[in-house]
Colleague: 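My structure is below; once you've seen it, I'll send some questions.
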Amino acid sequence: MRTIQNFINGSFKDAADGVTFDKVSPVTGEVIATVARSTKQDVDDAVAAAKAAVAGEWGKMPVAKRLEMLHAVADEITNRFQEFVEAEMADTGQPRSVMEHAFIPRGAANFKIFADVVKNVPTESFVMDTPDGKGAINYSIRKPKGVIGVISPWNAPFLLMTWKVGPALACGNAVVVKPSEETPATAALLGEVMNKVGIPAGVYNVVHGHGPDAAGEFLTTNKDVDAITFTGETRTGEAIMKATADGCRDVSFEMGGKNAGIIFADCDFDKAIQGIYRSAFLNTGQVCLGTERLYVQRPIFEKFVEALKNKAEAAKFGAPTEAGSNFGPLISKEHQSKVLSYYKKAVDEGATVVTGGGVPEFGSELDNGSWVQPTIWTDLPESASVIQEEIFGPCCHIRPFDTEEEVIELANATDYGLSTTIWTTNLGTAHRMADAIDVGITWVNEWFLRDLRTPFGGSKQSGIGREGGVHSLEFYTELRNVCIKL
Ligand code: NAD
């Protein structure tokens, strides 16, 4: 059993009142850690430490040295790679291969890529004419915003947290991170890395705990937090936006999705099945970019449903430590109940269950974990709950379509606008669809292929603002103009 403490001003600390909460394994349901439950005082202390860091050594450090240190952070994560993999596997229950090939290495990369963006991206300058004929020069400089509150979710904890911490620190800010209560481990481990590398105390702080009336809310309501970057559910974003209205503080939001996968009859069929299997079931369907709605052109509809069913039924459930397992549990019992309630709703609303719909049985301690089967439905009207609402589980509804116009209307009939994945070999179709689907991110013949320099974010209720590459600089800095009269 591990004890996970807050990390405030360079030191690991219990909550001020000593209270903890339990972190439960999604694989077996047993308690694997006790975690500090932050008080308001703890959060205020972390914010004060961050503010002092920006005013102190960190704020005065030459940019080149700051960026070198962030490269060193990435290298130290790589040195301790297996510890990060084990910690994240224990918290999420997801397969080792996903941790080793995607979530942990990309977490490390987030420190290098944004250090390089800050080093290489210029600011603008304009020479202007003036009535006296002597002119003036304008140039802009970027300054850190100050203290950034980072509120992150549980589905890819290290990757999504560092996606914010990396650029925030590269731009010269200090951060107070509130990781999800479900996944506290890697944020804590990163505190050790920061100390090892010599990042000054107070630059990186972690406060554990829940959201409403707890660590999350204590952070968003502290007016010394200059901006909040948040990834999570849309309704949590609404609460955070209300809190940050007090003081008119800036927000960057990456929120929910109900993304459409669109498969045309002229696609490369095998590649489309591989891609859509990932988009529907990777990370047990707990990916904001995942596709819970699939639209398949009629000539290949039956064949597609059958092939995806066969692939889903070949999933190998198992603990991440078990060789060959490739399908993990949901994050928690609470989330399992939510997903199973949608499995029931789908049947109540008249779905044909192509596969799944229940819970796998193991005959071992895994039966106490939060497992569900990958599930596919057909034959529901578009008004059905499982087509309208984000479930965040390993499930999808598949519907046939005939024309581009029809599928554009279906794909856009949602309040969300995060991503889409389109499968076709016709370049014209690909361009027309990419233009017409109202989302922040479109993939053609691929899914979740990320170049960290590109804009990332959602339209409609899926987000506010864009992060990634130079776009992150827009949020994590204030751009100042200087006008010099000659
Ligand atoms: P969540 O909104 O429940 O929690 C996210 C974080 O917000 C947690 O740290 C939580 O403790 C905190 N929080 C909750 N209420 C709060 C409040 N009132 N004030 C301050 N903080 C509060 O989301 P989740 O269940 O952890 O994650 C799943 C959701 O995240 C899904 O909707 C998914 O689509 C979304 N997501 C979006 C992206 C994206 O990039 N768009 C990426 C991953 C996940």
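Just so you know, ligand 1 is whichever comes first in the structure, and atom 1 is the first atom listed for that ligand.
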Colleague: Closer than 4.0 Å to some heavy atom of Leu418 - which atoms of ligand 1 meet that?
Modeller: 41 (N)

Colleague: Could you tell me whether ligand 1 has any atom less than 4.0 Å away from a heavy atom of Pro212?
Modeller: yes

Colleague: Of the protein's non-hydrogen atoms, which lies at the shortest distance from atom 41 (N) of ligand 1, and what is that distance?
Modeller: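 Sorting protein heavy atoms by distance from atom 41 (N) of ligand 1 puts Met255 O, 2.7 Å first.
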
Colleague: Are Phe456 and His471 near enough that their ring centres are under 6.0 Å apart?
Modeller: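 No, the ring of Phe456 stays outside the 6.0 Å limit from the ring of His471, centre to centre.
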
Colleague: Could you tell me whether some N/O pair between Glu390 and ligand 1 is separated by less than 3.5 angstrom?
Modeller: yes

Colleague: Could you please spell out the steps behind the salt bridge (Lys or Arg N to Asp or Glu O under 4.0 Å) verdict for Asp415 and Lys460?
Modeller: CA-CA 6 Å; Asp415 291 335; Lys460 299 197 266 184; over 6 Å; no

Colleague: How are the rings of Trp154 and Phe392 set to each other: parallel, tilted or perpendicular (split at 30° and 60°)?
Modeller: perpendicular

Colleague: Please state which part of Leu160 comes within less than 4.0 Å of ligand 1, counting heavy atoms only: side chain, backbone, both or neither.
Modeller: side chain

Colleague: Once side-chain contact (heavy atoms from CB on, under 4.5 Å) is applied, do any residues pair with Ala50, and if so which ones, sequence neighbours excluded?
Modeller: Val147, Ala174, Val176, Asn205

Colleague: Can you establish whether the number of heavy atoms outside Lys271 located under 6.0 Å from its atom NZ is more than 12?
Modeller: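 For Lys271, atom NZ is not crowded (no more than 12 foreign heavy atoms under 6.0 Å).
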
Colleague: Does atom 4 (O) of ligand 1 have any protein heavy atom closer than 4.0 Å?
Modeller: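 No.
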
Colleague: Over 60° means perpendicular and under 30° means parallel, so classify the ring planes of Phe12 and Phe7, tilted if in between.
Modeller: tilted

Colleague: Please list the nearest protein heavy atom to atom 7 (O) of ligand 1 with its residue and the distance rounded to 0.1 Å.
Modeller: Ile151 CG2, 3.3 Å

Colleague: Under 3.5 Å between some N or O of ligand 1 and some N or O of Asn155?
Modeller: no

Colleague: Less than 6.0 angstrom separating the ring centers of Trp371 and Phe327, yes or no?
Modeller: no

Colleague: Could you tell me, atom by atom, which parts of ligand 1 come under 4.0 Å of a heavy atom of Phe456?
Modeller: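 Selected atoms, number and element: 40 (O).
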
Colleague: Does Ala215 come within less than 4.0 angstrom of ligand 1, counting non-hydrogen atoms of the residue?
Modeller: no

Colleague: Regarding Glu467 and Lys164, does a basic nitrogen lie under 4.0 Å from an acidic carboxylate oxygen?
Modeller: yes

Colleague: Using the test salt bridge (Lys or Arg N to Asp or Glu O under 4.0 Å), find all partners of Asp348 that sit at least two apart in sequence or belong to another chain.
Modeller: Lys344

Colleague: Taking only heavy atoms of Ser180 into account, list the atoms of ligand 1 that are under 4.0 Å away from them.
Modeller: 9 (O)

Colleague: Starting from atom 9 (O) of ligand 1, what is the nearest protein heavy atom, named by residue and atom, and what distance separates them?
Modeller: Ser152 O, 2.8 Å

Colleague: Which protein non-hydrogen atom lies closest to atom 36 (N) of ligand 1, naming both residue and atom, and how far is it?
Modeller: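 For atom 36 (N) of ligand 1, the nearest protein heavy atom comes out as Cys288 CB, 3.5 Å.
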
Colleague: Which is closest to atom 10 (C) of ligand 1 in terms of heavy atoms, Glu254, His210, Lys178?
Modeller: Lys178

Colleague: Please say whether the positively charged group of Lys145, taken as NZ for Lys or CZ for Arg, lies over the ring of Phe475, i.e. under 6.0 angstrom from the six-membered ring centre and within 45 degrees of the axis.
Modeller: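 Geometry flag: set, cation within 6.0 Å and 45°.
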
Colleague: Any idea which protein heavy atom is nearest atom 15 (N) of ligand 1, and the distance to it?
Modeller: Thr236 CG2, 3.3 Å

Colleague: Taking the side chain as every heavy atom from C-beta outward, state whether Arg399 and Arg293 have any atom pair closer than 4.5 Å.
Modeller: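 Sidechains of Arg293 and Arg399: no contact.
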
Colleague: How far is atom 28 (C) of ligand 1 from its nearest protein heavy atom, and which residue and atom is that?
Modeller: Phe392 CE2, 3.6 Å

Colleague: May I ask whether Gly458 places a heavy atom under 4.0 Å from ligand 1?
Modeller: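 The answer is no, since Gly458 has no heavy atom less than 4.0 Å from ligand 1.
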
Colleague: To check your reading of the model: name the closest protein heavy atom to atom 25 (O) of ligand 1, its residue, and the distance in Å.
Modeller: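 Sorting protein heavy atoms by distance from atom 25 (O) of ligand 1 puts Trp154 NE1, 2.9 Å first.
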
Colleague: Which residue and non-hydrogen atom of the protein lie closest to atom 20 (C) of ligand 1, and at what distance in Å?
Modeller: Gly216 C, 3.3 Å

Colleague: Of the listed options (Gly211, Ala214, Gly209, Ser332), which comes nearest to atom 22 (C) of ligand 1 when hydrogens are ignored and any heavy atom counts?
Modeller: Gly211

Colleague: State whether the side chain of His397 and the backbone N or O of Glu292 hold a donor-acceptor pair below 3.5 Å, judged by distance alone.
Modeller: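 No, His397 side chain to Glu292 backbone: no donor-acceptor pair under 3.5 Å.
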
Colleague: Does the gap between the ring centers of Trp423 and Phe304 come in under 6.0 Å?
Modeller: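 Ring-ring flag for Trp423/Phe304: false, centres at least 6.0 Å apart.
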
Colleague: When the ring planes of Phe84 and Phe158 are compared, do they come out parallel, tilted or perpendicular, using 30° and 60° as the limits?
Modeller: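 Rings of Phe84 and Phe158: tilted, 30 to 60°.
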
Colleague: May I ask whether Phe253 places a heavy atom under 4.0 Å from ligand 1?
Modeller: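 Flag not set, Phe253 not near ligand 1.
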
Colleague: Glu181 heavy atoms, cut-off 4.0 Å: which ligand 1 atoms fall inside?
Modeller: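 Here the atoms of ligand 1 in question are 10 (C), 11 (O).
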
Colleague: In ligand 1, which numbered atoms sit nearer than 4.0 Å to a non-hydrogen atom of Pro179?
Modeller: 9 (O)

Colleague: Give the atom numbers and elements of ligand 1 that come within less than 4.0 Å of a heavy atom of Phe230.
Modeller: 2 (O), 5 (C), 6 (C), 7 (O)

